[in-house]
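See structure below.
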Amino acid sequence: MSEHTSLSQDENQIVAERRQKLKAIREKGIAFPNDFKRSHFARELHAKYDGKEGLEAEQIEVAVAGRMMLKRVMGKASFATLQDGSGRIQAYIANDGVGSDSHDEFKRWDMGDIVAISGTLFITRTGELTIKASSIRLLVKSLRPLPEKFHGLTDQEQKYRQRYLDLIMNEYSRDVFAKRSQIVQGVRSYMVGEQYLEVETPMMHPIPGGATAKPFVTHHNALDMPLYLRIAPELYLKRLVVGGLERVFEINRSFRNEGMSTRHNPEFTMMEFYEAYADYHRMMEMTEGIIQSVARQATGGLHIQYQGKPVDLSRFERLTVVEAIKKYNPEYSDEQLHDRAWLKAEIVRLGGKPVVIDGIGGLQFSLFEECTETKLWNPTFIVDYPIEVSPLARASDSKPGITERFELFMVGRELANGYSELNDPEDQAARFMQQVQQKEAGDDEAMHYDADYVRALEFGLPPTGGCGIGIDRLVMLLTDSASIRDVVLFPQMRPE
RNA sequence: GGGUCGUUAGCUCAGCUGGUAGAGCAGCGGACUUUUAAUCCGUUGGUCGCAAGUUCAAAUCUUGCACGACCCA
């Protein structure tokens, strides 16, 4: 059975008719030519010639190509609207410009066809810059009809599954991904400006590490061993700092085998960066600087709107876990926040997970997650994280049980996480052991013991600060997108 | 995992207390040389998400399943 026959089962009349048209084109010559050279993008033409007087007399020759999005036939003359990578441009195709044979051919073209138009510029009586066609060519016959021209594509699922249709039909969507590119570029150039070196470390790890999360597992046939898609690049980047690359960053994917939501995609993009002879205060300054810099580039300022509410990026507040709880939940007393039994009961009352961790810091942190995290709208660094939940962070010299760690929250969610790195190899070994015990006790998100990483630390990791910034979430913030799926080109979906 | 809503033509959507499945766009045929969601006349196109049940009769009522959106965990 040929592919053609097997495909035809789900085809409707429109597709069948277009296949007939393609067949006729094949019989006449080359159906998919690739020798057309264009002279201009649509946007260039608008920028140069919109509203220009006496344009027609100048006889400016242009050649454009793009997808035909609109078509208006009026007997002996027609208009078509082409969309290229830069925008749209209108063409006027008439018997007295291209001849009646060509014009008749144009009438058989369909919306969605990719076409080339050559001619001269003029401005219509309604003031629109238009190409008066002297020759036209069909470059690609489109076999499937586009979504309805006015309402476009609105079905969320189809936008995600068939992103190409979303991009064809929705200028807003194109803008979001153009902005994503600008944001990543802005972050990159900021880092380079700070003398950081961009690196690429493995995405397939023999031992998953650098975060507490469930990994995806795969298998290497030649080595006959399991490999894990990385949950974070952290441990490799710090090995590079051991190696003397004193300022490194990586922007790329990590993978976590967890639930999906408007804020979680199984693969997501993070930037992690590490700087020798820096601590978590410096990392907070970097984080603030990066976000403010790209916000200015992407939105023009530091006062933005997210989902209808203002966000002030000009000031990043710093609060400890306990200070944050008290600020956003003034009903809690100091006494309560230092009472283990009360904390446990309150966490359960708020619907939190049953608490295993017994340390006061861990309990306060759990309460924070339940009652404060989603209330942090303007950028807020939360500092002083309990050691139990921070197995790679340097312990505070002055506060027992506390690490030199921060997380950045805004619009009710976490955007970044950083700390002064733990560079004491013996402490690190002990913390890995503790994680292994937690794993054996049934916590499948707990970390593995990474002997090579400890060995690297034994050679000496300079005092170092490190941080990870969620790029998808940053793009969501700066493009006012409600779902991570709106800023990831091909979000993970169930199979159709 | 729980709740709410949704799934009808290629696309956007109507379809009431159950009674022969509709519109606009797209397509096809026709008119039209400055239109722009072109317009006007005619017309093709459907396993009503899937499965079971109730009923003389189900797009419509019931149950289950699938997929999606939103909210919660």
Side-chain angles (χ1 to χ4, degrees), chain A residues 7-21 42 46 55-56 67-83 87-100 102-104 106-113 119-133 141-162 165-166 168-171 258-264 307 347-354 366 369-371 373-374 412-413 481-486 491-496:
Chain A
L7 276 174
S8 67
Q9 288 174 355
D10 72 329
E11 283 178 5
N12 60 29
Q13 183 192 344
I14 292 174
V15 177
E17 282 164 0
R18 292 197 183 188
R19 278 195 195 281
Q20 277 306 311
K21 289 181 183 177
H46 286 296
L55 194 56
E56 194 158 5
R67 195 179 291 276
M68 186 164 71
M69 302 302 291
L70 294 168
K71 181 188 175 192
R72 297 175 286 279
V73 176
M74 297 163 300
K76 297 186 186 65
S78 301
F79 286 90
T81 301
L82 266 54
Q83 178 169 295
R88 289 183 172 197
I89 184 80
Q90 178 171 268
Y92 176 75
I93 299 105
N95 282 3
D96 58 12
V98 298
S100 62
S102 272
H103 189 223
D104 286 345
F106 169 81
K107 290 176 188 173
R108 289 192 293 275
W109 290 0
D110 292 292
M111 241 100 91
D113 287 352
T120 54
L121 294 172
F122 76 109
I123 288 176
T124 64
R125 66 171 66 140
T126 49
E128 178 161 352
L129 180 69
T130 302
I131 300 166
K132 181 170 276 179
K141 183 75 207 163
S142 171
L143 296 177
R144 290 178 181 270
L146 287 177
E148 200 255 352
K149 65 187 175 188
F150 185 60
H151 297 94
L153 182 66
T154 59
D155 182 69
Q156 286 293 336
E157 181 185 357
Q158 209 179 349
K159 283 176 65 168
Y160 300 145
R161 287 191 191 279
Q162 293 178 271
L165 285 182
D166 179 37
I168 291 169
M169 300 306 297
N170 298 319
E171 185 182 11
E258 292 164 0
M260 285 155 59
S261 75
T262 49
R263 293 175 296 282
H264 299 87
Q307 304 295 296
I347 291 159
V348 171
R349 191 182 70 80
L350 292 169
K353 292 172 213 154
S366 292
E369 286 185 312
E370 292 304 324
C371 72
E373 196 174 304
T374 57
R413 60 183 75 132
S481 299
S483 170
I484 194 170
R485 292 179 164 192
D486 295 320
Q492 201 53 242
M493 304 284 280
R494 277 176 214 279
E496 280 183 83

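In the text below, chain A, chain B and the rest are named by the order of the sequence lines, each starting its count at 1.
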Taking atom [atom1] in both [N] and [M], compute the distance separating them and give it to the nearest angstrom.
{"N": "C11(B)", "M": "C16(B)", "atom1": "C1'", "value": "26 Å"}
{"N": "U62(B)", "M": "C70(B)", "atom1": "C1'", "value": "26 Å"}
{"N": "G29(B)", "M": "U34(B)", "atom1": "C1'", "value": "26 Å"}
{"N": "C5(B)", "M": "G49(B)", "atom1": "C1'", "value": "16 Å"}
{"N": "G15(B)", "M": "A52(B)", "atom1": "P", "value": "27 Å"}
{"N": "U44(B)", "M": "G10(B)", "atom1": "C1'", "value": "13 Å"}
{"N": "A26(B)", "M": "C67(B)", "atom1": "P", "value": "35 Å"}
{"N": "G45(B)", "M": "G22(B)", "atom1": "P", "value": "12 Å"}

In Watson-Crick or G-U wobble terms, both distances under 3.5 Å, what is the partner of [N]?
{"N": "A37(B)", "result": "none"}
{"N": "A51(B)", "result": "U63(B)"}
{"N": "G46(B)", "result": "none"}
{"N": "G10(B)", "result": "C25(B)"}
{"N": "G1(B)", "result": "C72(B)"}
{"N": "C56(B)", "result": "G19(B)"}

Using a cut-off of strictly less than 4.0 Å, decide whether [X] has a side-chain nitrogen or oxygen near OP1 or OP2 of [N].
{"X": "Lys149(A)", "N": "C25(B)", "result": "no"}
{"X": "Arg72(A)", "N": "U35(B)", "result": "no"}
{"X": "Arg485(A)", "N": "A69(B)", "result": "yes"}

[X] has an atom [atom1]; how far is it from atom [atom2] of [N], in whole Å?
{"X": "Met260(A)", "N": "A69(B)", "atom1": "CE", "atom2": "P", "value": "8 Å"}
{"X": "Glu157(A)", "N": "C11(B)", "atom1": "CD", "atom2": "C1'", "value": "15 Å"}
{"X": "Phe150(A)", "N": "U39(B)", "atom1": "CZ", "atom2": "P", "value": "12 Å"}
{"X": "Arg263(A)", "N": "C71(B)", "atom1": "CZ", "atom2": "P", "value": "8 Å"}
{"X": "Asp486(A)", "N": "A69(B)", "atom1": "CG", "atom2": "C1'", "value": "11 Å"}
{"X": "Gln83(A)", "N": "A37(B)", "atom1": "CD", "atom2": "P", "value": "15 Å"}
{"X": "His264(A)", "N": "C71(B)", "atom1": "NE2", "atom2": "P", "value": "14 Å"}
{"X": "Leu143(A)", "N": "G27(B)", "atom1": "CG", "atom2": "P", "value": "15 Å"}

Worksheet item: Looking for any heavy atom pair under 4.0 Å, which part of the strands does Thr154(A) touch: base, sugar-phosphate only, or nothing?
Response: sugar-phosphate
Fill in: Note, Ile168(A) side chain near Met69(A) side chain (heavy atom, < 4.5 Å)
yes
Discussion item. Classify the ring geometry of Tyr92(A) against Phe79(A): parallel below 30°, tilted from 30° to 60°, perpendicular beyond 60°.
Written reply: tilted
Worksheet, complete the sentence: Against the side chain of Leu70(A), the closest entry in G68(B), A38(B), C11(B) is A38(B)
Item to complete: Could you please name the option among G10(B), U12(B), A69(B) that lies closest to any side-chain atom of Gln156(A)?
Response: A69(B)
Discussion item. Would Glu56(A) and Lys132(A) count as a side chain to side chain contact (heavy atoms under 4.5 Å, CB included) here? Give the steps.
Written reply: CA-CA 9 Å; Glu56(A) 194 158 5; Lys132(A) 181 170 276 179; 3.0 Å; yes
Item to complete: For side chain to side chain donor-acceptor pair (under 3.5 Å), just list the numbers for Ser261(A) and His264(A), CA-CA rounded to whole Å, side-chain angles, deciding distance to a tenth of an Å, and then say yes or no.
Response: CA-CA 5 Å; Ser261(A) 75; His264(A) 299 87; 2.8 Å; yes
Worksheet item: Should Lys141(A) and Asp110(A) count as an ion pair when the cut-off is N to O under 4.0 Å?
Response: yes
Worksheet item: Under a 4.0 Å N-O cut-off, is there an ion pair linking Glu373(A) with Arg413(A)?
Response: no
Within the sub-3.5 Å range, which N or O atoms of nucleotides 28-34 of chain B have a protein N or O partner, and how far apart are they?
residue : atom : partner   : partner atom : Å
C28(B)  : OP1  : Lys21(A)  : NZ           : 2.7
C32(B)  : N3   : Val73(A)  : O            : 3.4
C32(B)  : N3   : Gly75(A)  : N            : 3.2
C32(B)  : N4   : Gly75(A)  : N            : 3.3
U33(B)  : OP2  : Met74(A)  : O            : 3.4
U33(B)  : OP2  : Lys76(A)  : N            : 3.1
U33(B)  : O2   : Tyr92(A)  : OH           : 2.7
U33(B)  : N3   : Asp96(A)  : OD2          : 3.3
U34(B)  : O2'  : Arg125(A) : NE           : 2.3
U34(B)  : O2'  : Arg125(A) : NH1          : 3.1
U34(B)  : O2'  : Arg125(A) : NH2          : 3.4
U34(B)  : O2   : Arg125(A) : N            : 3.1

Can you tell me if [X] and [Y] form a side-chain donor-acceptor pair at under 3.5 Å?
{"X": "Tyr160(A)", "Y": "Asp166(A)", "value": "no"}
{"X": "Gln90(A)", "Y": "Arg72(A)", "value": "yes"}
{"X": "Gln83(A)", "Y": "Arg88(A)", "value": "yes"}

Worksheet item: Relative to the 5' end of RNA chain B, which residue comes earlier, Ser483(A) or Ser261(A), by the nucleotide with the nearest heavy atom?
Response: Ser483(A)
Worksheet item: So which one's nearest nucleotide on RNA chain B is more toward 5', Thr262(A) or Gln90(A)?
Response: Gln90(A)
